[in-house]
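Reviewing the structure listed below.
By convention in this document, chain letters (A, B, ...) are assigned in the order of the sequence lines, proteins followed by strands, and residues within each chain are numbered from 1.
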Amino acid sequence: MSNEPLAKAYEPQDVEKRWYRFWEESGFFTADAASPRERFALVIPPPNVTGSLHIGHAFTLTLQDVIARWKRMKGCDTLWLPGLDHAGIATQMVVERQLAKEGLRKEDLGREEFEARVWRWKEESGGRILNQLRLMGYSLDWTRERFTMDPMLSRAVREVFVGLWEQGLVYRGDYIVNWCPRCGTALSDLEVETEAEAGSLWHIRYRARDGGEGVVVATTRPETLLGDTAVAVHPDDERHRHLVGSSVVLPVLGREIPVVADDFVDREFGTGAVKITPAHDANDFLAAQRLGLPSINVMDGRGVLNENAGPYAGQDRFEARRNIVAQLEGEGLLVKTAPHQVPLGHCQRCDTVVEPRLSRQWFVKMQPLAEPAIRAVEEGRIVFVPASETRVFFEWMRNIRDWCISRQLWWGHRIPAWTCAACGELVVAREEPGACPKCGGGDLRQETDVLDTWFSSGLFPFSTLGWPERTRDLARYYPNDFMMTGRDILFFWVARMIVLGLRFAGEVPFRTVFLNGLVRDEHGEKMSKTKGNDVDPLDVIARHGTDALRFTLAALANPGNDPSLGERRLLGYKAFVNKLWNAARFALMNLDGERAPAAGALPLASRWIRSRLQAATAAVERALAEFRFDTAANELYHFVWDELCDWYLEAVKVLLADAAEAPRARTVLLETLEQALRLLHPLMPYVTEEVWQRLPRAGGPPSIMVAPFPAADRALVDEAAEREMATLMELVVGIRTLRATYEVEPRRRIDVTVSGAAPAERGFVEAQAPTLRALAGLGTLAVAERAPGGPQVIRQPVGPFEVAVPMAGLFDIAAERTRLGKERLKVSAELEGLRGRLGNAQFVERAKPEVVASSRERVAELEERLRRIEGTLAALGDPEAA
RNA sequence: AGGCGCGUGGCUCAGUGGUAGAGCGCUUCCUUGACACGGAAGAGGUCGGUGGUUCAAUUCCACCCGCGCCUACCA
């Protein structure tokens, strides 16, 4: 595509722009339901249209894209379906806040206009998010983009709601629910975040009707006493038994209420007597149902006390609490105030303290739905990764409670239920009914509540494919193969998809669920805008490039853990992208000449890198198959940096300088780089495409993203080459260490004699002499059977060899002695340990034979090394040497 | 309260029943035509504590301590 030479440093901004459009316009992201190839399907966890993508999205979606690109390169017809979530309460809040800035409330606009305004916001926010998804390089099939309030998906929502109703699994009734006084709506249990906070436990006296002592109750919420309809004690509690059946006088209001017995009362807690406020406490509500007690609601939907609150009507709940406590104190009814940790529920979206409130809501009966879901997981039809999440899922499912699905909001799917104004008949229907089926009346009023936003997202794997129509997409891509999302929405979303998918789409929604952790800052702290430690993916992209961010996120993705993302880690992987870029630059500078097939007896470096490439390929494949993105990233990092760049590229320079070897060397260099790029592509799509497009190619696929993912070729695994290369490396490092230890001038070429006892060893050194000279910076290299002796020579054992360097003013003998002395200590220590172990009869008898054998080998090896070290030390005139 | 997870070099984290690894940071040296977002050579850890299983424990088990997350109707 572009032929100008590569910039010296990788410039992500220049490169990234070009490729996304090319991929998208070429149709590489588009799944083909008619394809004969194996399919692979997954859906995006649809981002909320509340703003823009955050790092948590980038994390999950990057890992999904790695899987999607990998599967696509492996030849699968891959569908990764994009979409957005209307996010009822969250989005409504955003728009309400905007209105507030204009001094308006949603009521000032009215429902219809408010909804129009939210739709405008949805376009804006949604557009921004879709753009961000493209910048991240995600290979989403944009021809199938969905929104949870699209007509197609809304139809699925009505179908499922009515279906549940017809199956008797939806009911409406007056129950205590979690209520957010600020949002003015009911919340599900999951939308409440409970936190223990410092509060008080007030002991309040309720006098007997005859003015006697009565009973002292303990409560954390004195303001609710206005709605008390009883006091309960434990039936076996001696202290209060005489009161059961009598009446006490409610303070403030003077109402008489009965003392009842019920074993739900904890005798240990407080005074052993509890006030019963059925309309304002979930527990009390249940008790009241058991005991046949009435409820009195003393609060409205805004948390303000109502006409039942007597003198406190019109006061806010917290204000009323203070005032009531003051009054009780004044009347001598406040017996005691003790500090107490109170678990307080907060609205997940706005953090307001949640109020348990008795109201008419719609619920889904969960137990009948949960059973098939549990079975599906037990039977392995759905697999959780990491597997530990399976237990969490079971725990939740087995203790499932009914799901409150109605919300008193304006933004969302309006519940398809109508009430006849004439006869009060409730009609639940897929389409608006023309007349009341009971009385024929024409005045039908639709329910004003909307559904919990998770109701529609719970259908996402099939509603997006056209369900309830039996579309081709549905037949081909349902169930999905894979689902990935944050561990924090296992219950919110994953559990509901499983339950609803099984019930309505007839099968599990996906086969494998990967639950990822929460992205934290570099010190493992939770990210938050208020703390200012949050990372904006777009900002990272702008500064370091998309590939660096993607690779970092993948490298952090250890299943089951929360990744800690910091600038330093990012910089490290940014450097890696640059390293790859420069390796490619080197290759491109050297690939111009003639190329010959890599056939016949190849030089060691070529055989070695090809062998290592197979190992890396196999390791990456294995890692991805197990969703070990971190392992895949690490394997590639080390292959490219340590093996390809540090050793192979240096060694291949020697081959390229040899006119006879160069043509084959170019081929191996090209093939190795090309295959490494394909292995890296799912993790860093942009830089790999950019480089790949510049490589000399004849025909083949038009993009690396549709090129085949490499498979390890066992024929290229060369154990002899790996052993030999290890020996060569050992020699090079040994000589370099000598140079560094004695501070030989970096550019000074030193003359070295390498000696080895066996002819084969000497032959090896002779054969590798050019490489050895280049990598170790040697002048002359002599090979001998025995190292030259004499006090003017430094001799250093390296593996099976001995390296001898004439000092000729190069070395500091004292430094050498110190270093060898340290090495001697280390070797002796290990030797001592091994000998001790081998001297232990039990070890020799019971340990695995190969462990014993290898220990013996190691001892022989160490003894030989020790002998040489001591020989050298003696030659240097070490006073301690024996 | 219950469940789950974590505690490995200065920081963030891999890993393993049998000689402790990485990245960053640190020390010394080096601008040699791929790369200073670089190269070379190094220093640095009794793998949270105590017991147990084992020939052998950082790795398995129990308990404890510290941290985090999730679920809970003790007002």
Under 4.0 Å between any heavy atoms, over every strand shown, what does A/Arg398 touch: base, sugar-phosphate, or nothing? Just pick one.
-> nothing
Across all strands shown, which nucleotide pairs with B/G7 by Watson-Crick or G-U wobble geometry, both distances under 3.5 Å?
-> B/C65
Tell whether A/Lys579 reaches the base of B/C35 with its side chain through a donor-acceptor pair below 3.5 angstrom.
-> yes
If you look at every strand shown and take non-hydrogen atoms under 4.0 Å, does A/Lys8 touch a base, only sugar-phosphate, or nothing?
-> sugar-phosphate
How is A/Glu522 classified with respect to the nucleic acid when contacts are heavy atoms under 4.0 Å: base, sugar-phosphate, or nothing?
-> sugar-phosphate
Determine the contact category for A/Asn558: base if any of its heavy atoms lies under 4.0 Å from a base atom, sugar-phosphate if only primed atoms, P, OP1 or OP2 are that close, otherwise nothing.
-> sugar-phosphate
Nearest nucleotide by nearest heavy atom, which residue falls closer to the 5' end of RNA chain B, A/Asp642 or A/Ser564?
-> A/Ser564
Looking at every strand, decide which applies to A/Arg221 at a 4.0 Å heavy-atom threshold: base, sugar-phosphate, or nothing.
-> nothing
Taking a pair to mean Watson-Crick or G-U wobble geometry with both distances below 3.5 Å, B/U27 pairs with B/A41
With both distances under 3.5 angstrom, what nucleotide forms a Watson-Crick or G-U wobble pair with B/A22?
-> B/U12
Base, sugar-phosphate, or nothing for A/Val392, non-hydrogen atoms under 4.0 angstrom?
-> nothing
Is A/Tyr637 touching bases, backbone alone, or none of the nucleic acid, heavy atoms closer than 4.0 Å?
-> sugar-phosphate
Side-chain atoms of A/Arg401 come closest, of B/A72, B/U12, B/A22, to B/A72
Looking for any heavy atom pair under 4.0 Å, which part of the strands does A/Pro343 touch: base, sugar-phosphate only, or nothing?
-> sugar-phosphate
A/Glu650 (side chain) and B/A34 (base): donor-acceptor pair under 3.5 Å = yes
Would you mind classifying the nucleic acid contact of A/Val844 as base, sugar-phosphate or nothing, using non-hydrogen atoms under 4.0 angstrom?
-> nothing
Over 12 foreign heavy atoms within 6.0 Å of CD, A/Glu863 | yes
By nearest nucleotide on RNA chain B, pick out whichever of A/Gly572 and A/Cys645 is the more 5' one.
-> A/Gly572
For B/A1, the Watson-Crick or wobble counterpart (both distances under 3.5 Å) = B/U71
Within the structure shown, what part of the strands sits under 4.0 Å from A/Leu649 by heavy-atom distance: base, sugar-phosphate, or nothing?
-> base
Mind checking A/Asn399 for me? I need base, sugar-phosphate or nothing, with any heavy atom below 4.0 Å counting as a touch.
-> nothing
A/Leu518 has an atom CG; how far is it from atom P of B/C6, in whole Å?
-> 17 Å
Would you mind classifying the nucleic acid contact of A/Ala282 as base, sugar-phosphate or nothing, using non-hydrogen atoms under 4.0 angstrom?
-> nothing
Paired nucleotide for B/A36 [Watson-Crick or G-U wobble; both distances under 3.5 Å] = none
Go ahead and name the base partner of B/C47; Watson-Crick or wobble counts if both distances stay under 3.5 Å, otherwise write none.
-> none
Could you tell me whether A/Ser388 contacts a base, only the sugar-phosphate backbone, or nothing, with contacts defined as non-hydrogen atoms closer than 4.0 Å?
-> nothing
Remember a base hit wins even if backbone is also touched, and classify A/Arg628 as base, sugar-phosphate or nothing at under 4.0 Å, heavy atoms.
-> sugar-phosphate
Gap in Å between the two C1' atoms, one belonging to B/G49 and one to B/U8, rounded | 15 Å
Whole-Å distance separating the NZ atom of A/Lys653 from the P atom of B/U32 = 12 Å
